[in-house]
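For reference, the structure is listed below as structure tokens.
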Amino acid sequence: MFYESNNCYRLFGRLSMENLKCPGCKKEYTDSNPPRLLTMCGHTYCQLCIKSMIKRKDYRFQIRCPEDKLKLTIDSQIPSQFPKNMVLI
């Protein structure tokens with residue numbers, strides 16, 4: 001059966017936040033730099049990368065996903081406005 005205890009551990013046991021890395025900076029996610037979800041496309045980057053993606057445009061801010069180039073206009077430059085990716089935590 002697929003979910004036998006040994007197979008389940010081999011498939012999911014090694015997954016933890018410590019060995020998952022941000023695709024942007026290649027650094028591991030931490031409690032102080034958690035994975036954040038880009039709400040316009042669903043891609044995940046660390047909080048520091050998201051902060052560097054936010055650019056000022058007129059009186060508002062804009063973020064552009066580096067993977068699919070989708071843009072989102074946002075009200076503030078605070079990366080914590082994007083939800084943590086709870087699947088990776």
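Computed over heavy atoms, backbone and side chain alike; hydrogens, waters and symmetry mates excluded.
For the atom pair Cys22 SG and Asn33 CG, the distance stands at 7.5 Å (nearest 0.5 Å). Of the inter-residue distances, the one linking Lys71 atom NZ with Leu38 atom CG reads 14.5 Å to the nearest 0.5 angstrom.
You'll find the side chain of Ile50 reaches within 4.5 Å of the side chain of Ile63, heavy atoms only. Counting heavy atoms from C-beta outward, Arg64 and Leu70 have side chains that stay 4.5 Å or more apart. The shortest distance between side-chain heavy atoms of Met53 and Cys49 falls below 4.5 Å. Between Pro23 and Tyr45 the shortest side-chain heavy-atom distance falls below 4.5 Å.
Between the side chain of Lys27 and the main chain of Gly24, no donor-acceptor pair closer than 3.5 Å is present. Of the possible donor and acceptor atoms, none in the side chain of Gln77 sits under 3.5 Å from a partner among the backbone N and O of Phe61. A donor-acceptor pair is defined here as one N or O able to donate and one able to accept, closer than 3.5 Å; no such pair exists between the side chain of Asp58 and the backbone of Arg60. Of the possible polar contacts, none joining the Asp68 side chain to the Cys41 backbone as a donor-acceptor pair under 3.5 Å is found.
Taking both residues in full, the closest heavy atoms of Ile78 and Ser80 are given as CG2-OG, 3.0 Å, listed atom of the first, atom of the second, then distance. Closest non-hydrogen pair, Gln47 versus Ser32, comes out as NE2-O, 4.2 Å. For Pro34 against Lys84, the heavy-atom pair with the smallest separation is CG-CE, 3.9 Å. When all heavy atoms of Ile54 and Phe82 are compared, the closest pair comes out as CD1-CE1, 4.5 Å. Shown here for Gly42 and Leu37, the closest heavy-atom pair between the two residues is O-CD1, 3.2 Å. Nearest heavy-atom pair, Thr44 versus Pro35, reported as atom, atom and distance to 0.1 Å: CG2-CB, 3.5 Å.
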**OP:** Could you check Met40 against Cys65 for side chain to side chain contact (heavy atoms under 4.5 Å, CB included), going step by step and ending with a plain yes or no?
**Re:** CA-CA 9 Å; Met40 70 278 198; Cys65 177; 4.1 Å; yes

